[in-house]
Amino acid sequence: MPLHPFAKQLQEHKFEGEKGEEYEGHEYGDFGDYFRKKLTKLENQFQEYVPVESDLFKDCIIYITGYTRPSAPELRRLINAHGGKICHYLAGKSYATHIVASSLTARKRQEYAKYKVVKPEWIVESINSNKRLPWHDFRTIKTEYNHSISPFAGQNSNAATEDPDKQVVDEQVDQEQVVDEPVVEEPPADQIPVDSKDASIPNILDPKFIEHFYKHSRLHHLSIWKGDLKRRFQKLAAESNQRTSQRALPATSSCRVILHVDFDSFFVAVSLLSHPQLSDRAVCVSSGSHGSSDIASCNYVARKFGVHNGMWMKQARELCPDLIAIPFDFEGYEKASAALYEVLLELKPDLLFPVSVDEALVDVTSLIPRNGSQDEGFQQKVSEFLENLRKEIKSRARVDASIGAGPNVVLAKIALRLAKPNGQKYIPASRALDVIHPLPISHLPGLGYSSVKKLASSKYEITTIGQISSAGQQVMIELLGNKIGTKMYEYSQGIDHTDISVIPSPKSIGVEISWGVRLADAHEVDIFIGNLISELCRRMKVQEICGSQMTAKLYKRHPQAPINPPKFLGHGHCEIYTKSSSVFPLTDQVETLTKIAQALIRSFNCPPTDVRGLGFQITKVSTTGQENTNQGTLNFPKSTTKNTDQLTPQTTPRKRTLTAPRSSGSLTPKKRPMTPDLESSPSKRGPTRAGNAPQFMTVTQQFREVRNKREPKEPKEPEPVDLSVLSSQIDTDVFAELPPEIQREIALQSKRQRKQPNFDPSRGRRSAPTEPARIRDPVISLYKPIEFCGMVDESSIRSKLRNWVRESASNDRRPYREDAENVQRFLITTAAEDQDWGKSKRLADWINKQVALCMGAATNEDILHEWTLLTEIFSDVVRRVLRDTRGITV
DNA sequence: GACTATTCTTAG
DNA sequence: CATCGCTAAGAATAGTC
Ligand SMILES: Nc1ccn([C@H]2C[C@H](O)[C@@H](COP(=O)(O)OP(=O)(O)OP(=O)(O)O)O2)c(=O)n1
């Protein structure tokens with residue numbers, strides 16, 4: 001039986017790249033030889049292996065450094081024997097829960113400040129007393145744990161020092177991590193002024209952390225506001241429907257008037273009400289005024305300098321040195337919003353569809369009388385209507401609003417863009433194409449950063465709406481996929497089928513936090529998950545929503561990202577993993593959902609210290625309450641609009657029109673029991689147990705045999721890759737592929753690490769074009785696609801690599817040297833010669849991710865470590881080759 | 001080829 | 001000292017059988 005089909009497949013293929021040879025070996029170190037030595041080393045360790053005697057250090061991953069007594073090998077043996085794991089390198093993906101050291105230099109002291117550094121006696125005495133003693137009593141560094149990474153003023157360590165003896169039932173937790181009731185320090189009354197308490201951030205494990213974070217998070221506010229508005233208008237619509245008993249409105253019509261109403265630079269405008277003297281200066285709203293603070297909103301003065309919402313302060317200051325930052329005023333935003341919606345409701349429009357706290361779509365067709373299809377005076381009437389409406393909003397909300405108007409939603413939205421700031425614009429159907437074709441495609445709703453770039457860098461070089469029109473629907477589908485492609489083509493024709501008469505019912509509910517998340521160990525992760533799920537369940541109950549599936553999301557620090565990202569307590573550059581599991585029976589109970597959530601997160605097997613964010617979403621929802629599951633529509637009894645819907649061919653809307661009456665006819669909501677619902681789930685699978693894929697039957701001997709057979713081949717001389725160098729160097733990235741904010745973040749990050757930053761995205765783009773070479777330089781293109789096992793297509797290669805990792809994982813196999821060398825050679829060649837310079841980096845990341853995903857708890861520690869090492873080597877080599885051959889460096 | 005899970009993209 | 005990087009929907013894509 002072939003134990004290693006993959007190895008063979010890889011071996012059979014020879015790489016074409018002539019340059020492959022010279023990159024391999026000498027310049028970048030003979031990785032094969034390194035690898036062989038590594039195996040040898042691991043073999044030696046294997047000989048030291050002793051049977052497990054206890055679980056004392058379960059979940060501990062321990063790094064030993066410096067001279068110790070007992071000696072390091074002896075400590076390793078002890079730790080292994082008592083359920084702990086040894087970590088051989090601190091850097092990169094290797095991680096440690098504890099460091100054992102007798103003494104530390106000042107430098108190391110600093111470096112290890114965030115770790116639990118203990119004396120070797122901790123190990124010895126814990127074993128002697130047969131229980132894990134509080135590490136705190138054996139500290140090597142006599143300052144408070146967490147001091148350097150936590151802004152939380154030692155709350156954690158207070159808890160520890162004050163309850164050193166408190167026993168914790170959970171076996172996984174160190175005693176010092178008792179946080180059931182985090183001690184929140186009350187400031188001494190005599191010296192701390194009233195509001196200074198407000199400024200401090202609660203410990204991440206404290207349920208108050210989430211409360212605090214939400215209170216300050218603009219994005220949270222935006223989302224919550226939006227949800228509230230949605231529900232409010234859904235409900236309103238349901239009531240209004242009941243009263244009218246019949247839906248008075250057509251889903252669409254060819255000659256409606258839709259408004260898109262939106263405040264100008266909303267947050268700034270409102271916040272400026274408290275700082276009127278700054279009105280004509282460049283102003284923005286943000287949490288902080290330092291470099292890594294996000295700009296939530298900036299006024300039009302600042303925009304002239306190129307500043308925009310979502311930009312970081314640092315960059316904005318470069319563009320606009322005089323930029324002034326003022327604080328959020330969430331209450332003010334709510335008030336202005338309330339005023340806006342009040343005005344809009346008073347209009348008694350045909351339809352009112354909330355878009356966000358500061359904007360709404362309004363169908364006012366029946367409010368502006370039209371005499372026949374020939375307008376003449378109609379435009380004038382619209383204009384006056386808009387003028388009056390804007391005046392009314394301004395007087396009630398005290399901030400400027402702009403309004404776009406058109407015969408459908410997309411034209412109204414585009415019109416709004418043209419109207420701003422403090423203006424109005426109506427695009428009548430007759431002039432639609434003339435108006436929109438010259439505009440950049442970024443004006444189209446649905447085309448964001450990524451799609452705009454994709455269209456521009458395609459061979460069609462599409463940058464204007466007119467070009468979409470000329471390119472045709474098929475081209476758009478080719479570039480953007482079926483749905484979006486079709487929709488964007490239609491937009492380019494001024495056509496939009498969007499129906500705002502229905503506010504769709506919720507399809508998911510979730511929470512996520514990726515700021516301030518710094519967790520020391522598995523137990524802390526579990527606690528924080530519990531807090532998140534509590535919040536989630538609270539909302540589920542309020543909204544009467546349950547769902548049969550949970551999806552967990554993990555932000556994991558990218559292996560090459562620094563521990564401390566540029567943004568204070570930010571998530572930094574991360575890998576994002578998601579995984580779902582079924583929830584059965586339906587429930588909104590915290591305990592049940594927490595267990596599921598914890599299992600999902602555990603299945604990622606992420607070192608707790610690398611967790612930078614967590615999120616959970618309930619999907620496949622059903623409403624639990626008696627309230628409407630009917631889709632709401634907001635129309636008003638007085639409305640007399642006629643249904644003139646014959647002309648426009650409808651797809652989605654028509655479908656809905658058919659189903660809607662049925663569900664609103666029978667007012668019975670499709671309520672579902674929250675508790676066991678056996679009959680409704682005959683076809684349902686049982687909950688997929690997260691993270692339980694135990695791979696037994698690992699025949700270690702077999703592998704050793706195989707390995708030995710394959711290993712002793714042509715030994716080579718060159719030097720091994722130096723891992724310490726490897727992990728300390730800076731990440732190379734696919735700059736042109738990343739959103740600008742991310743690019744900046746990575747740039748900042750590397751600046752922090754390096755004395756001299758060497759970063760120039762435009763250079764990267766120029767020297768490694770994905771397409772442009774074709775145009776300017778069709779003949780001399782040095783870059784060509786590199787084959788791997790006969791494949792060029794990136795997704796095929798991914799599959800191949802994935803299978804490699806996965807098969808190895810399921811068989812508890814170490815990476816074969818031949819395979820590893822082949823992959824590395826391929827990566828090198830790709831990095832150096834492939835037309836798409838980002839490919840090598842993406843594939844290296846892909847391998848890393850597959851290793852993280854596949855090499856779960858089932859895999860033996862040494863093997864996992866080896867794969868981890870391998871991914872680090874791949875990433876490093878790719879980075880270096882990119883730098884040396886293309887000058888692409890971060 | 002149909003079905004499911006995961007990832008990507010967008011918006012405000 | 002910093003800073004508060006959320007939420008939901010829809011669609012594409014990858015994976016499974
Ligand atoms: N990345 C973003 C985008 C928006 N917002 C907030 C602040 C904005 O004031 C509000 C409304 O967003 P808009 O997109 O409507 O932008 P503005 O109202 O600020 O400016 P304008 O609508 O004039 O372009 O949402 C935010 O916090 N972060």
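Values in this document were obtained by computation on a predicted structure and should not be read as measured data. Per chain, numbering begins at 1; letters A, B, ... match sequence-line order.
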Is the A:Phe233-A:Phe353 ring centre distance short of 6.0 angstrom?
-> no
To the nearest 10 degrees, what angle separates the axes at the start and end of the helix from B:dG1-C:dC17 to B:dG12-C:dC6, five pairs each?
-> 20°
In whole angstrom, what separates A:Phe616's CZ from B:dT6's P?
-> 14 Å
On DNA chain C, more 5' by nearest nucleotide between A:Gly481 and A:Ile513 is A:Ile513
Identify whether any heavy atom of A:Arg539 sits under 4.0 Å from a base atom; if not, whether one sits that close to sugar-phosphate; answer base, sugar-phosphate or nothing.
-> sugar-phosphate
Would you tell me if any nitrogen or oxygen in the side chain of A:Lys230 comes within less than 4.0 Å of OP1 or OP2 on C:dT7?
-> no
NA contact type, A:Tyr214, heavy-atom cut-off 4.0 Å: base, sugar-phosphate, or nothing?
-> sugar-phosphate
Contact class for A:Ser514 vs. all strands (heavy atom < 4.0 Å): base, sugar-phosphate, or nothing?
-> base
When rounded to whole Å, the CG to C1' distance for the pair A:Leu480 and B:dT9 reads 11 Å
Using a cut-off of 4.0 Å on non-hydrogen atoms, how would the nucleic acid contact of A:Val511 be classed: base, sugar-phosphate, or nothing?
-> sugar-phosphate
If you pin A:Gly446 and A:Gln549 to their nearest nucleotides in DNA chain B, which one's is more 5'?
-> A:Gln549
Compare the aromatic ring of A:Trp515 with the six-membered base ring of C:dG5 and state whether they stack according to the 5.5 Å and 30° rule.
-> no
Out of C:dT16, C:dA8, C:dA11, whichever nucleotide has its closest atom nearest the side chain of A:Arg802 = C:dT16
Counterpart residues, ring-ring contact (aromatic ring centres under 6.0 Å, His included), relative to A:Phe528 (two or more places apart) = none
Set of residues satisfying ring-ring contact (aromatic ring centres under 6.0 Å, His included) with respect to A:His220, sequence neighbours excluded = A:Tyr214
Whole-Å distance separating the OH atom of A:Tyr577 from the P atom of B:dT6 = 14 Å
Distance below 4.0 Å between A:Ser450 side-chain N/O and B:dT9 OP1 or OP2 | yes
Counting any heavy atom closer than 4.0 Å, what does A:Arg798 reach on the DNA or RNA strands: base, sugar-phosphate only, or nothing?
-> nothing
Could you please spell out the steps behind the side chain to side chain contact (heavy atoms under 4.5 Å, CB included) verdict for A:Tyr489 and A:Gln474?
-> CA-CA 9 Å; A:Tyr489 176 73; A:Gln474 283 319 307; over 6 Å; no
Base, sugar-phosphate, or nothing for A:Gly510, non-hydrogen atoms under 4.0 angstrom?
-> sugar-phosphate
Do A:Asp845 and A:His558 have side-chain atoms, one donor and one acceptor, less than 3.5 Å apart?
-> yes
Quick one: label A:Glu535 by what it contacts on the DNA or RNA (base, sugar-phosphate, nothing), any heavy atom closer than 4.0 Å.
-> nothing
Taking only N and O in the side chain of A:Ser508, is any of them less than 4.0 Å away from OP1 or OP2 of C:dA9?
-> yes
Looking only at side-chain N and O atoms, does A:Ser799 come under 4.0 Å of OP1 or OP2 in C:dG15?
-> yes
Report which part of the nucleic acid A:Thr551 touches: base, sugar-phosphate, or nothing (heavy-atom distance under 4.0 Å, all strands).
-> nothing
In terms of the nearest nucleotide of DNA chain C, which residue is placed more toward the 5' end: A:Ser795 or A:His290?
-> A:His290
What's the CD1-P distance between A:Ile224 and B:dG12, to the nearest Å?
-> 17 Å
Do A:Thr551 and A:Gln617 have a side chain donor and acceptor closer than 3.5 Å?
-> no
Report yes if a side-chain nitrogen or oxygen of A:Ser451 is closer than 4.0 Å to either non-bridging phosphate oxygen (OP1 or OP2) of B:dT10; otherwise report no.
-> yes
Using centres under 5.5 Å plus planes under 30 degrees as the test, is A:His216 stacked with C:dC4?
-> yes
Can you find an N or O donor on one side and an acceptor on the other, under 3.5 Å apart, linking the side chain of A:Ser287 with the base of C:dC4?
-> no
For atom OH of A:Tyr555 and atom P of B:dC8, their distance in whole Å = 12 Å
Residue pairs, two or more places apart or on separate chains, that pass salt bridge (charged side-chain N to carboxylate O under 4.0 Å, His left out) and touch residues 475-490 of chain A | none
So what does A:Ile576 touch, heavy atoms closer than 4.0 Å: a base, only the sugar-phosphate, or nothing?
-> nothing
Hey, does A:Lys553 reach any base, or is it just sugar-phosphate, or nothing, if we go heavy atoms under 4.0 Å?
-> nothing
May I ask you to verify whether the side chain of A:Ser223 and the base of B:dG12 hold a donor-acceptor pair under 3.5 Å?
-> yes
Base of C:dC4 paired with side chain of A:His220 (donor-acceptor, under 3.5 Å) = no
Partners of A:Trp225 by ring-ring contact (aromatic ring centres under 6.0 Å, His included), sequence neighbours excluded?
-> A:His221
Select base, sugar-phosphate, or nothing to describe what A:Ser286 touches, counting heavy atoms under 4.0 Å on all strands.
-> nothing
Looking at CG of A:Leu439 and CG of A:Leu418, how far apart are the two atoms once the value is rounded to the nearest 0.5 Å?
-> 5.5 Å
Can you tell me the distance, in whole Å, between the CZ atom of A:Arg518 and the P atom of C:dC4?
-> 13 Å
Rounded to whole angstrom units, what separation is found between the CG atom of A:Asp262 and the C1' atom of B:dA11?
-> 12 Å
How is A:Thr486 classified with respect to the nucleic acid when contacts are heavy atoms under 4.0 Å: base, sugar-phosphate, or nothing?
-> nothing
To the nearest angstrom, how far is A:Gln617 atom CD from C:dA8 atom P?
-> 7 Å
Respond yes when some side-chain nitrogen or oxygen of A:Arg218 is under 4.0 Å from OP1 or OP2 of C:dG5, and no when none is.
-> yes
OP1 or OP2 of B:dT6 under 4.0 Å from side-chain N/O of A:Thr578 = no
The salt bridge (charged side-chain N to carboxylate O under 4.0 Å, His left out) partners of A:Arg417 (sequence neighbours excluded) come to none
